Amino acid sequence: MSSCASPSAPPPVPDAAPVCGVGVLGDRTRDIDFEFRVVGADAIDKSLKDGDDVQLVFPPQGGRVIFVGVRATNIDPCAVQLSGAIRDISTKQVRVDARTINLNPDGTGWGTSGTPSQSLIAAVSNYSNIPLCPNQWSATNVFDTQYELEVTLKEHNSNGAKARALTKTIHVTPRCSEPGLGAECRCICHANYQLGEVCNLDAGDQ
Amino acid sequence: MSSLPLRGGLSVVGFASLVWIGCTTTPAPTPPITDPSQLAAPPQGQGFQLKTGEFPVAASTEVQDCYFFKVRDLAAAGGLDPNAPVELHRVQAVQKVGSHHMNLFRVKTVVGLDPNAGAIQHGLNGAGECFKSSNWADWPLIANTQTSGDLDWTYPDGVANEFLPDEWIMLQTHFVNATSQQSPGGGAVSINFWTMDKSKVTAQLGTLFATKQSIRICAKNPTPTFEGSCQIKSASPVTIIGANAHFHSRGKVFDMYTWDGTSTSTPPDSARFYESTQWDNPPMAHSPALNVPVAANGGVWYKASYQWTQPDPSLGCDALNAWDQTKYMTPTAQQDCCYTFGPIVEKNEHCNIFVYYYPKQDNVTCF
């Protein structure tokens, strides 16, 4: 493999400790912990556990995604890196999205991706937007099939030390359950979908 | 020279055949052409030229215009068979200093930007169909340049980008004459397409374009990094031969890496094939310097880092918050002087990559 085509100096991104107006959540001398969270088309932040269904949502950027967040503790909540990935269990292929977010304290020593009142369109930037459809990648239908969901939460490393991080994996089943959009969802999320393929939206909806 | 006028001041140009008598001494290096009017069209039968003509860019404005060309017309003007596919092998582009970007797309699904609605479709300060990126969401990129405005790229031997006679090509120019960038001399773009004989084509060029629209660079989250990937679904390895990235003035570092399609974290530095630290003049990496193999069913991982800055005083946080509320329905309590996805340099951000590879594949997905 060739080296970088533009061997310029290291990135001039400031490395000062970020300040977001929120103090440490929990006890930073203990290991980071987090729970999975998810937000659907109703914009409500919910808990997500191993074996749960997860709604495929039509996002502003098009296609279908799942919005996965966290509720975390024992962490500096400012500028944490949230990475979400869905893995096809049979082929090991993944779809990934990673972004820097601030966690919102819920008053119990934990902080979440979501806020008590949020619009979906504004919330999406605080959750991992894991893109699943159009399905030109998975060997099976994306909907009604179980996938592996992997989330990594990494603390900002402002002092040059190795950043503290935690990765967890659960299994989830995406569903085309967004009201009024089921037929299109099942079309663009079916196995072997081809970009530009005409969807029969009269095929009924759930 | 022959010139085929089109509507609204566009023109395609072809020159009569020229005979070049070579000499035995090595000629001095030719300085790059920086004036679009000085770019000579390819000789007849070897290609054709697309031109916009000159246009003004008033102070404190951003002009983004979309020009449409039918491949058949271009081929005819260049002395090529108008009923045969065009096999593009070399692209030359020259644009006036000050351009924010120039993108050349192959038209696919028509949404709000219809070639049949006019050969030139004007956009000003964010308004107009030529500013709405959803209109060209599935239009493959042919070539692009940014502020420095020049490109001369010959694909590897045997590699061509094929265009059918009834296809449309869209040339999009974005000139900024404001605080962040200036275009005092107005705008103009000239592009040459040099073709090759179809019988000598051994591989088609593929292009991919990714745009991450869920970005947000805010006062209380001032140094965010966003990462995504594109998979090139191919049973055999492909080769990346071109790359360019695009963000606005809050952008600090834009990296691209080869990716195996199964890893979930940023690839190692050894896999990085592109880096840009200049938002207003990002490098256009291309072959022969860029020649990177990608494993079967692998692809590209991209990563963009930003630094929030105070908005221009003429806008202030009020303008950013107003956009956030109108465009993203963000409640007042969550507004944080955020730069969000959009085309206006002064108050929006972008996170786009352009990658060129061969052989072309049908299934390429980017997020």
Side-chain angles (χ1 to χ4, degrees), chain A residues 1-16 18-22 59-63 65 78-79 81 83-85 87 91-102 115 117-122 124-126 129-131 134-137 150 152 156 167 194-196, chain B residues 108-109 134 137-138 211-216 220-229 231 233 243 252-253 255 258 261-266 269-277 283 285 289-293 297 301 303 305 307 324 327-331 333-334 340-341 362-365 367:
Chain A
M1 184 174 301
S2 73
S3 58
C4 176
S6 178
S8 50
V13 173
D15 202 28
V19 176
C20 63
V22 180
Q61 62 266 36
V65 305
C78 299
Q81 194 71 4
S83 175
R87 187 184 303 279
T91 66
K92 303 302 179 192
Q93 292 284 317
V94 294
R95 286 293 176 269
V96 186
D97 175 84
R99 59 193 53 241
T100 308
I101 68 169
N102 295 329
T115 57
S117 65
Q118 58 186 5
S119 71
L120 177 66
I121 204 164
V124 300
S125 61
N126 234 30
N129 293 214
I130 308 176
N135 180 15
Q136 296 168 279
W137 66 283
E150 178 184 299
T152 297
H156 183 86
T167 299
Q194 298 292 316
L195 198 63
Chain B
K108 289 291 185 183
T109 305
S134 56
D138 70 348
T211 177
K212 189 173 279 289
Q213 300 187 16
S214 56
I215 56 174
R216 199 170 176 85
K220 290 181 180 167
N221 186 9
T223 57
T225 296
F226 301 91
E227 298 179 71
S229 63
Q231 185 189 24
K233 200 166 184 181
K252 292 300 172 189
V253 189
D255 287 331
T258 55
T262 60
S263 301
T264 59
S265 57
T266 311
D269 286 349
S270 59
R272 188 174 61 201
F273 65 84
Y274 179 90
E275 181 171 274
S276 169
T277 57
L290 181 63
N291 187 58
V292 182
N297 291 322
W301 182 288
K303 175 180 177 180
S305 299
Q307 170 68 62
D324 204 5
K327 182 84 175 174
Y328 297 104
M329 294 174 277
T330 301
Q334 291 170 36
T340 50
F341 179 84
D362 291 331
N363 270 349
V364 179
T365 48
F367 304 100

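Remember, predicted model here, so these are calculated numbers, not experimental data. Naming convention: chains lettered A, B, ... in sequence-line order (proteins, then strands); numbering from 1 in each chain.
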*Would you check if there is a donor-acceptor pair between the side chains of Thr225(B) and Ser305(B) at a distance under 3.5 Å?*
yes

*asked:* Quick one about Thr365(B) and Gln136(A) (side-chain donor to acceptor, distance below 3.5 Å, no hydrogens or angles considered), yes or no?
replied: no

*Side chain, backbone, both or neither: which part of Thr340(B) has an atom under 4.5 Å from a heavy atom of chain A?*
neither

_Taking every non-hydrogen pair under 4.5 Å, which of Lys303(B), Lys220(B), Lys327(B) racks up the most with chain A?_
Lys220(B)

*Which atoms of Asp97(A) come close to chain B, meaning under 4.5 Å heavy atom to heavy atom: side chain ones, backbone ones, both, or neither?*
both

*With a 4.5 angstrom heavy-atom cut-off, could you sort out which part of Thr152(A) is near chain B: side chain, backbone, both or neither?*
neither

_Within the 3.5 Å criterion, strictly below it, is a donor on Thr100(A) or Gln81(A) matched to an acceptor on the partner's side chain?_
yes

*Test item: Asn135(A) side-chain N/O and Trp137(A) main-chain N/O as donor-acceptor pair under 3.5 Å*: yes

